[in-house]
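These numbers come from the heavy atoms of this one structure, side chains and all, not from hydrogens, waters or symmetry mates. Throughout, numbering of the chain's residues begins at 1 and tracks the sequence. Bear in mind that the values here come from a model prediction, so they are computed numbers and not experimental data.
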Amino acid sequence: MAAAQGRLSDGADGMDDAEDTAQARAGGGLPPAFRAAVDALRAARPRPQVEVEPTPAPQRLAPHAYALEAVVVDGEQELADGRLVLLHDPDGHDAWQGTFRLVTLVRAELEPEMAADPLLPEVCWSWLTGALQARGLAYGEPSGTITRAGSHYFGGLAERPAASQIEIRASWTPREGLGGVPDTAAHLTSWCDLLAQVAGLPPAGPGDASVVTLPQRRGPQSR
């Protein structure tokens, strides 16, 4: 396995970025529900192999946004990486059927023969929904795409082995609890479970023996 070549972004203090953006738009502080949801994300402690840090959030998807990026590390190797974005619109959003939305990108590099499995997209989607259901999380309006890509090298790059990648892009609406705040810490933990599963790591605790994980592999696609 070869180490990954880079991260999804350069990283930044995501809370400061979110607050600066929100204040610039609204001329004031963050909504209490959004601040509570972000505070829960910042306080969450995922499994040790998943390194999580804030990253600049997109500015056009919702009035308020906060983003995290993560990488699954095994020794010095990065096996998978991803980004999780929390969106909030206090007025609600028809497509979301709520005021919060979680959006994710997860990616990892696969062995070519594994990427050729015709059931791989369905399996990867089941990992996402299964990670949420395993922690008893209520959510709605899930949507997403699973993409497989292969790279073959020629000429001066002909010595490189063929590479295959899996990419999961998805979003869902976390159901709101007390004070209109979803359990974002639990959703983050479930998302880290998904990352670890895509990376080929065993479950963090006692799990279902029928759950299939991908063997450890070279790492996420570089950009």
Rounded to the nearest 0.5 Å, how far does [atom2] of [Y] lie from [atom1] of [X]?
X	Y	atom1	atom2	result
Cys124	Ile168	SG	CD1	4.5 Å
Arg148	Asp117	CZ	CG	7.5 Å
Leu195	Glu51	CG	CD	12.0 Å
Arg107	Asp81	CZ	CG	4.0 Å
Glu109	Ile166	CD	CD1	12.0 Å
Leu87	His64	CG	NE2	11.0 Å

Gln49: which of Leu79, Val71, Leu201 passes side chain to side chain contact (heavy atoms under 4.5 Å, CB included):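 Testing Gln49 for a side chain to side chain contact (heavy atoms under 4.5 Å, CB included) against Leu79, Val71, Leu201 leaves exactly one candidate, Leu201.
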
Of the non-hydrogen atoms in [X] and [Y], which two are nearest, and what is the gap between them?
X	Y	answer
Ala33	Gly180	CB-O, 4.1 Å
Arg47	Ala196	NH1-CB, 3.4 Å
Pro58	Ala65	O-CB, 3.5 Å
Pro46	Val52	CG-CG2, 3.8 Å
Ala170	Trp125	CB-CZ3, 3.8 Å

Would a 4.5 Å heavy-atom cut-off, applied to side chains only, mark [X] and [Y] as touching?
X	Y	value
Val85	Arg83	yes
Leu30	His88	no
Arg175	Phe100	no
Leu128	Trp172	yes
Leu105	Glu167	yes
Trp127	Asp193	no

Mark yes or no for whether [X], through its side chain, and [Y], through its backbone, hold a donor-acceptor pair below 3.5 Å.
X	Y	value
Arg42	Pro54	no
Ser164	Leu110	no
Thr184	Ala37	yes
Arg101	Thr99	no
Thr173	Trp96	yes

For Tyr153, the rest of its hydrophobic cluster, which grows through side-chain links under 4.5 angstrom: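 Hydrophobic cluster check, Tyr153: joined to Leu157.
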
Val181: hydrophobic cluster co-members (side-chain, 4.5 Å):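 Besides Val181, the hydrophobic cluster comprises nothing; the residue is isolated.
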
Contacts of type side chain to side chain contact (heavy atoms under 4.5 Å, CB included), residue Ala186, not counting sequence neighbours: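 Once residues adjacent in sequence are excluded, the partners of Ala186 under the side chain to side chain contact (heavy atoms under 4.5 Å, CB included) criterion are Leu137, Asp183.
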
